[in-house]
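Sequence positions, counted from 1, serve as the residue numbers for this chain. All values below come from the heavy atoms of this structure, side chains included, with hydrogens, waters and symmetry mates left out.
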Amino acid sequence: MVRIITKYDQVKHEMAEHAKPSLEFSIGTISGNLRAIIAAEEMKFKAGEIKSIKIKEIKMHSKKICFLSAYASNKYGHAMAVGEPTSLPISMDRSADHAMFAAAVDCEIKVDDLLGVLILLPVDLVHKDYK
């Protein structure tokens, strides 16, 4: 008998493993990676609007935790989050192809505009049993 394991099966297994409330992490090094969040489409915003915008794909290797830089890199607003259509667990390779952008003023974002900076740090996942 042969069993074919799909990516979906792997995702289900990883999600179940990391759904335990006892998951902790430790950041092993201070060195990490910075990735520019670059617009891949033009979009108009009104002041106060928050919308999803396509970005140039950012690849993230497994076991990398990501943070958004708090330093505003765009004079019109700030990137608040990045993601992809299917959320994957941190233990798998991931990528981001869209960002949530919050506009501070009326503006038009153009292709290749810098929206923000993503900080990627290596992380070790540690499972501990608590009672």
Side-chain angles (χ1 to χ4, degrees):
M1 176 185 247
V2 175
R3 180 169 182 237
I4 298 172
I5 299 176
T6 65
K7 191 169 190 171
Y8 177 68
D9 291 331
Q10 184 181 1
V11 169
K12 284 192 331 188
H13 172 75
E14 296 286 342
M15 297 283 287
E17 185 64 26
H18 297 295
K20 297 176 182 176
S22 60
L23 181 66
E24 293 185 2
F25 70 90
S26 63
I27 297 174
T29 66
I30 300 297
S31 64
N33 307 103
L34 297 177
R35 295 289 181 263
I37 303 169
I38 305 292
E41 68 176 330
E42 293 189 7
M43 187 175 285
K44 290 184 180 181
F45 286 84
K46 297 274 188 204
E49 273 189 324
I50 301 171
K51 295 194 276 189
S52 179
I53 185 168
K54 290 180 187 174
I55 61 171
K56 293 188 177 180
E57 185 179 38
I58 300 170
K59 295 204 180 272
M60 293 172 272
H61 292 293
S62 65
K63 298 182 184 173
K64 295 272 185 173
I65 192 165
C66 48
F67 300 93
L68 287 166
S69 172
Y71 185 82
S73 302
N74 186 292
K75 64 183 177 181
Y76 301 125
H78 196 72
M80 297 176 56
V82 298
E84 60 188 327
T86 303
S87 295
L88 296 173
I90 196 170
S91 57
M92 297 178 68
D93 287 347
R94 296 161 290 151
S95 64
D97 63 3
H98 65 275
M100 292 301 291
F101 186 79
V105 296
D106 291 353
C107 63
E108 184 174 351
I109 299 297
K110 306 239 186 241
V111 173
D112 292 330
D113 278 357
L114 176 65
L115 302 178
V117 176
L118 191 65
I119 302 164
L120 298 170
L121 297 173
V123 63
D124 290 322
L125 301 175
V126 181
H127 295 279
K128 292 188 177 183
D129 292 323
Y130 290 100
K131 296 191 179 188

Between atom CG of Leu120 and atom NZ of Lys59, what is the distance when rounded to the nearest 0.5 Å?
-> 13.5 Å
Rounded distance (nearest 0.5 Å) linking atom CZ of Phe101 with atom CD1 of Ile37 = 10.0 Å
Could you give me the CA-CA distance, side-chain angles and deciding distance for Asn33 and Leu118, then say whether side chain to side chain contact (heavy atoms under 4.5 Å, CB included) is met?
-> CA-CA 8 Å; Asn33 307 103; Leu118 191 65; over 6 Å; no
Which value, rounded to the nearest 0.5 Å, describes the distance between His78 atom NE2 and Ser69 atom OG?
-> 6.5 Å
Interatomic spacing from NE2 in His61 to CG in Asp93 - rounded to 0.5 Å | 6.5 Å
Counterpart residues, side chain to side chain donor-acceptor pair (under 3.5 Å), relative to Ser73 (two or more places apart) | none
Tracing side-chain contacts under 4.5 Å among Ile, Leu, Val, Met, Phe, Trp and Tyr outward from Leu114 reaches Ile38
Would you please name every residue forming a side chain to side chain donor-acceptor pair (under 3.5 Å) with Asp97, sequence neighbours left out?
-> none
What one should report as the nearest heavy-atom pair of Gly32 and Pro122 is CA-CD, 4.4 Å
Kindly write out the residues that satisfy side-chain contact (heavy atoms from CB on, under 4.5 Å) with Lys110, not counting sequence neighbours, or none if the list is empty.
-> Glu42, Glu108, Asp113
Phe67, Val117: one ILVMFWY side-chain cluster at the under-4.5 Å cut-off?
-> yes
Under the side chain to side chain contact (heavy atoms under 4.5 Å, CB included) criterion, do Val123 and Lys64 qualify, and how do the steps go?
-> CA-CA 6 Å; Val123 63; Lys64 295 272 185 173; 5.9 Å; no
Drop me the distance from Cys66's SG to Arg94's CZ, to the nearest 0.5 angstrom.
-> 5.5 Å
Sequence neighbours excluded and cut-off under 3.5 Å, please list the side-chain donor-acceptor pairs for residues 46-56, or say none.
| from | atom 1 | to | atom 2 | distance (Å) |
| --- | --- | --- | --- | --- |
| Glu49 | OE1 | Lys46 | N | 2.7 |
| Lys51 | NZ | Lys44 | O | 2.6 |
| Lys56 | NZ | Asp112 | OD1 | 2.3 |

How about Tyr76 and Phe45: are their ring centres within less than 6.0 Å of each other?
-> no
Same hydrophobic cluster for Ile119 and Leu115, using side-chain heavy-atom links shorter than 4.5 Å among ILVMFWY?
-> no
Check the hydrophobic clustering (I, L, V, M, F, W, Y; side-chain heavy atoms under 4.5 Å; chains of links allowed) and say if Ile65 and Leu34 are grouped together.
-> yes
Side chain to side chain donor-acceptor pair (under 3.5 Å) against Glu84, all qualifying residues, sequence neighbours excluded | Ser95
If Ile, Leu, Val, Met, Phe, Trp and Tyr residues are connected whenever their side-chain heavy atoms lie under 4.5 Å apart, and connections chain through other members, are Leu121 and Met60 in the same group?
-> no
